[in-house]
J.: 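Take a look at this one; I'll ask things after.
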Amino acid sequence: MSFQAPKGTFDWLPPSSEAILAVREALAAPLRRAGYGYVETPVFEDTELFKRGVGESTDVVSKEMYTFPDKAGRSLTLRPEGTASVVRAVLQHNLHTGQLPVKLWYSGSQFRYERAQKGRYRHFWQVGAEALGSEDPALDAELIVLGARGFASLGLRQVKLLVNSLGDKNCRPAYRAALQEFLRGLDLDADTRARIEINPLRVLDDKRPEVQAQLTGAPLVVDHLCAACKSYHEEVRSLLTASGVAFEDDPRLVRGLDYYTRTTFEFVHGGLGSQSAVGGGGRYDGLSEVLGGPPLPSVGWALGVDRTYLAMEAEGLLGEAAPGRVQVYGVPLGDDARRRMFLLLSELREAGISADMAFGGKGLKGAMKGADRSGARFALILGERDLAAEAVQLKDLTTAEQTEVPLAQVADVLKGKVQ
RNA sequence: GUGGGUGUAGCUCAGUUGGCAGAGCGCCAGGUUGUGGUCCUGGAUGUCGAGGGUUCAAGUCCCUUCACUCACCCCA
């Protein structure tokens with residue numbers, strides 16, 4: 001083995017690669033039914049976009065970005081998340097000057113320079129959705145419901161939804177100060193003490209038991225919400241309940257990125273190793289302004305495609321996929337037959353019948369094995385005798401029944417037999 | 001950045017006290033010169049992660065190093 005994939009990355013191979021395609025489709029389908037348009041943005045952006053949009057206080061920006069200079073000396077960064085790019089694209093193309101909200105969805109690669117472990121890779125995939133320019137609890141609820149529907153449509157039953165509100169620019173500062181005061185009185189290591197000053201809410205997320213034990217009496221943001229945030233959050237919750245989407249209030253739920261306000265939520269699953277989030281999002285009312293745009297209250301989420309795959313694996317939902325399975329398999333005997341089979345397959349494929357054949361001059365036995373393994377129901381056997389008769393032997397591999405079919409009629413005969 | 005575990009055939013792994021490099025699966029071929037699956041027979045594939053050391057002898061013991069993996073941190 002000479003080369004291998006870079007650290008923290010991996011290849012999707014058949015058959016699991018088929019499941020990944022299915023996951024992307026399933027997560028996106030509810031969005032398309034709800035009027036979200038597809039957006040595709042560059043995989044790299046101006047480094048400053050992420051510094052400003054995601055926040056310099058976050059670990060994502062301060063130590064996990066793939067940043068590099070291009071040949072003209074510009075600093076570019078492989079996107080570590082999708083929201084900043086989407087907001088940038090909306091502002092750049094003035095999509096927000098039309099009817100609001102602007103509803104967009106995307107699917108693609110994200111990159112973070114982290115130490116890899118189960119469910120956390122340096123290159124990962126997300127399906128995301130953003131609804132920009134509208135402050136309406138129904139929009140928050142809509143997105144959450146669409147995410148939940150996506151997971152449910154894959155058969156996932158153990159995805160749990162956690163919901164919280166982080167307050168807004170009116171009530172968050174007072175809460176932040178109260179939390180900082182509480183945290184400063186605890187016995188914590190230097191890194192965590194530094195985090196108290198930069199991003200105190202994240203301390204609530206610490207998984208270490210000795211830290212969690214000290215957090216039992218910590219002030220909770222729900223107790224510090226202003227009236228507007230409180231009623232907004234109540235409305236979101238009641239819409240979720242009315243939609244039949246089960247959720248759990250988690251007053252400790254915070255998000256890793258700076259731009260979140262008010263509604264925040266996470267879809268969690270127990271089958272991902274030590275990681276738990278299969279998706280998450282929330283409202284980010286101030287992000288547009290941070291990026292130099294007008295006020296554009298918005299809400300969005302991102303769901304982890306590879307993490308969803310792991311969740312499905314944990315729930316035993318990955319059936320026996322049959323990658324590249326075809327309906328018909330050609331078994332040519334000899335060079336003349338191979339040339340004729342090649343043309344016959346093209347004809348079948350044009351007619352909408354999926355077909356493969358034995359390559360490499362295999363013998364009959366080897367070619368028949370290939371037919372068996374291809375998953376095809378029918379084999380087409382073509383040798384010198386058949387060529388002379390302008391016919392082919394059509395064998396049903398499930399019954400071993402074999403009939404001779406004139407070459408000119410193969411497509412028509414098969415059309416009647418496959419599906 | 002920190003800590004644990006694992007590196008032997010394409011894959012999953014065994015390998016005892018240091019004594020000839022192994023199994024299952026997969027792959028290829030034959031049994032059957034124009035017929036797959038099941039079965040039988042045979043075959044190919046190894047820098048035992050790499051480098052050094054101890055020893056008559058190292059997959060095995062010691063040192064170094066790399067990779068993978070899991071967890072902390074962080075996050076989808």
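By convention in this document, chain letters (A, B, ...) are assigned in the order of the sequence lines, proteins followed by strands, and residues within each chain are numbered from 1. FYI, side chains are in, hydrogens and waters are out, and symmetry mates aren't considered; it's all heavy atoms of this structure. Nothing here was measured: the structure is a model prediction, and the numbers come from that model.
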J.: Between A/Glu45 and A/Thr77, is there a side-chain donor-acceptor contact under 3.5 Å, judged purely by atom types and distance?
T.: no

J.: What interatomic distance, in whole Å, is found between P of B/rU65 and the corresponding atom of B/rA76?
T.: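 Pairwise P distance, B/rA76 against B/rU65, rounds to 35 Å.
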
J.: Reading 5' to 3' and counting Watson-Crick or G-U wobble pairs with both distances under 3.5 Å, write the dot-bracket notation for RNA chain B, | for bases paired outside the strand.
T.: (((((((..((((.....[..)))).(((((.......))))).....(((((..]....))))))))))))....

J.: Using a heavy-atom cut-off of 4.0 Å across all strands, would you classify A/Glu64 as base, sugar-phosphate, or nothing?
T.: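 Result for A/Glu64 = sugar-phosphate.
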
J.: Compare the minimum distances between each of B/rU35, B/rA76, B/rU2 and the side chain of A/Gln126, then state the nucleotide with the smallest one.
T.: B/rA76

J.: Just to be sure I understand the rule, does A/Gly279 reach a base, reach only the sugar-phosphate, or reach nothing, if contact means heavy atoms closer than 4.0 Å?
T.: sugar-phosphate

J.: Would you tell me whether A/Arg377 and A/Gln327 have side-chain atoms, one donor and one acceptor, within less than 3.5 Å of each other?
T.: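 No pair is found: no donor N or O on one side chain lies under 3.5 Å from an acceptor on the other.
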
J.: Nearest to the side chain of A/Arg115, heavy atoms from C-beta on, is which of B/rC28, B/rA76, B/rA71?
T.: B/rA71

J.: Using atom types as modelled, flag every donor-acceptor pair under 3.5 Å from a side chain in residues 102-110 of chain A to any protein atom, sequence neighbours excluded.
T.:
residue	atom	partner	partner atom	Å
A/Lys103	NZ	A/Ala34	O	2.9
A/Lys103	NZ	A/Glu142	OE2	2.9
A/Ser109	OG	A/His123	NE2	2.7
A/Ser109	OG	A/Trp125	NE1	3.3
A/Gln110	OE1	A/Glu81	N	3.4

J.: Check every atom of B/rA76, B/rG34, B/rC72 against the side chain of A/Gln117 and return the nucleotide holding the closest atom.
T.: B/rC72

J.: Where the side chain of A/Gln4 is concerned, which of B/rC73, B/rA67, B/rG36 is the nearest nucleotide?
T.: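 Of all the options, the side chain of A/Gln4 is nearest to B/rA67.
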
J.: Could you check whether A/Glu384 gets within reach of a base, just the sugar-phosphate, or nothing at all, counting any heavy atom under 4.0 Å?
T.: base

J.: For a quick test of reading the model: is some side-chain N or O of A/Ser274 closer than 4.0 Å to OP1 or OP2 of B/rC72?
T.: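 For B/rC72, OP1/OP2 do have a side-chain N/O of A/Ser274 under 4.0 Å.
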
J.: From B/rC68, B/rG34, B/rA76, pick the nucleotide closest to the side chain of A/Leu364?
T.: B/rG34

J.: Would you classify A/Gly273 as touching base, sugar-phosphate or nothing, given that sugar-phosphate means primed atoms plus P, OP1 and OP2, and contacts are heavy atoms under 4.0 Å?
T.: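 Sugar-phosphate contact only.
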
J.: Give A/Tyr121 one of three labels, base, sugar-phosphate or nothing, depending on what nucleic acid heavy atoms sit under 4.0 Å from its own.
T.: base

J.: Using the salt bridge (charged side-chain N to carboxylate O under 4.0 Å, His left out) rule, take A/Asp249 and A/Arg237 through it: C-alpha gap first, then chi angles, then the decisive distance, then the call.
T.: CA-CA 9 Å; A/Asp249 289 305; A/Arg237 293 176 75 260; 2.5 Å; yes

J.: Tabulate protein N/O versus nucleotide N/O from nucleotides 10-13 of chain B, keeping only pairs under 3.5 Å, one per line.
T.:
none

J.: Not counting sequence neighbours, which residues clear salt bridge (charged side-chain N to carboxylate O under 4.0 Å, His left out) with A/Asp250? List them please.
T.: none

J.: With a 4.0 Å heavy-atom cut-off, tell me which residues in residues 265-272 of chain A come close to RNA chain B, sorted by residue number.
T.: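 Listed by number, there are none.
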
J.: What residues from residues 40-49 of chain A pass a heavy-atom cutoff of under 4.0 Å to RNA chain B?
T.: none

J.: Rounded to whole angstrom, note down the P distance from B/rU38 over to B/rG4.
T.: 47 Å

J.: Please enumerate all residues that pass salt bridge (charged side-chain N to carboxylate O under 4.0 Å, His left out) together with A/Glu48, with sequence neighbours excluded.
T.: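 Not a single residue meets the salt bridge (charged side-chain N to carboxylate O under 4.0 Å, His left out) criterion with A/Glu48.
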
J.: Hydrogens and angles aside, do A/Asp396 and A/Thr398 bring a side-chain donor and acceptor to less than 3.5 Å of each other?
T.: yes

J.: State which residues pass salt bridge (charged side-chain N to carboxylate O under 4.0 Å, His left out) with A/Asp306; sequence neighbours excluded, sorted by chain then number.
T.: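 Per chain and number, A/Asp306 pairs via salt bridge (charged side-chain N to carboxylate O under 4.0 Å, His left out) with no residue.
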
J.: List the protein contact pattern of nucleotides 37-46 of chain B with one symbol per nucleotide (5' to 3'): B for base contact, S for sugar-phosphate-only contact, - for none; contact means a heavy-atom distance under 4.0 Å.
T.: B---------

J.: Regarding A/Ile381, tell me which of base, sugar-phosphate or nothing describes its non-hydrogen contacts under 4.0 Å with the strands shown.
T.: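 The residue A/Ile381 makes base contact.
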
J.: Write down the distance between CG (A/Asp396) and C1' (B/rG36), rounded to a whole number of angstrom.
T.: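 It is 12 Å, rounded to the nearest whole Å.
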
J.: Output the single nucleotide from B/rC28, B/rA76, B/rC68 whose closest atom is nearest the side chain of A/Lys7.
T.: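 So the nucleotide nearest the side chain must be B/rC68.
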
J.: Go through B/rA76, B/rG34, B/rA71 for me and flag the one nearest to the A/Arg385 side chain.
T.: B/rG34

J.: Just to confirm, is there a sub-4.0 Å distance from OP1 or OP2 of B/rC27 to any side-chain nitrogen or oxygen of A/Arg373?
T.: yes

J.: To the nearest angstrom, how far is A/Leu387 atom CG from B/rG34 atom C1'?
T.: 13 Å

J.: Should A/Arg252 and A/Asp205 count as an ion pair when the cut-off is N to O under 4.0 Å?
T.: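 A/Asp205 and A/Arg252: not salt-bridged.
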
J.: Run the side-chain donor-acceptor check on residues 177-185 of chain A: report pairs under 3.5 Å with partners two or more places apart or on a different chain.
T.:
residue	atom	partner	partner atom	Å
A/Gln180	NE2	A/Ile196	O	2.9
A/Arg184	NE	A/Glu197	OE2	3.0
A/Arg184	NH2	A/Glu197	OE1	3.0

J.: Return all side-chain donor-acceptor pairs below 3.5 angstrom for residues 333-343 of chain A, not counting sequence neighbours, or 'none' if the list is empty.
T.:
residue	atom	partner	partner atom	Å
A/Asp335	OD1	A/Arg338	NH1	3.0
A/Asp336	OD1	A/Arg339	NH1	2.9

J.: Between the base of B/rC73 and the side chain of A/Arg120, is there a donor-acceptor distance below 3.5 Å?
T.: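 Yes.
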
J.: CD1 of A/Ile198 versus P of B/rC74: gap in Å, rounded?
T.: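 These atoms are roughly 12 Å apart.
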
J.: Under 4.0 angstrom, heavy atoms only, what part of the nucleic acid is A/Ala371 near: base, sugar-phosphate, or nothing?
T.: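 If one applies the 4.0 Å heavy-atom cut-off, A/Ala371 turns out to touch nothing in the nucleic acid.
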
J.: Starting at CG of A/Leu204 and ending at P of B/rC73, how long is that distance when rounded to a whole Å?
T.: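 It works out to 14 Å between those atoms.
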
J.: Sort and list the pairs that fulfil salt bridge (charged side-chain N to carboxylate O under 4.0 Å, His left out) and have at least one residue in residues 262-287 of chain A, not counting sequence neighbours.
T.: A/Glu135-A/Arg262, A/Asp140-A/Arg283, A/Asp168-A/Arg262, A/Arg255-A/Glu266, A/Arg283-A/Asp285

J.: Taking the six-membered ring for Trp and the single ring otherwise, decide whether the centroids of A/Phe267 and A/Phe151 are under 6.0 Å apart.
T.: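 Yes, the ring centres sit under 6.0 Å apart.
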
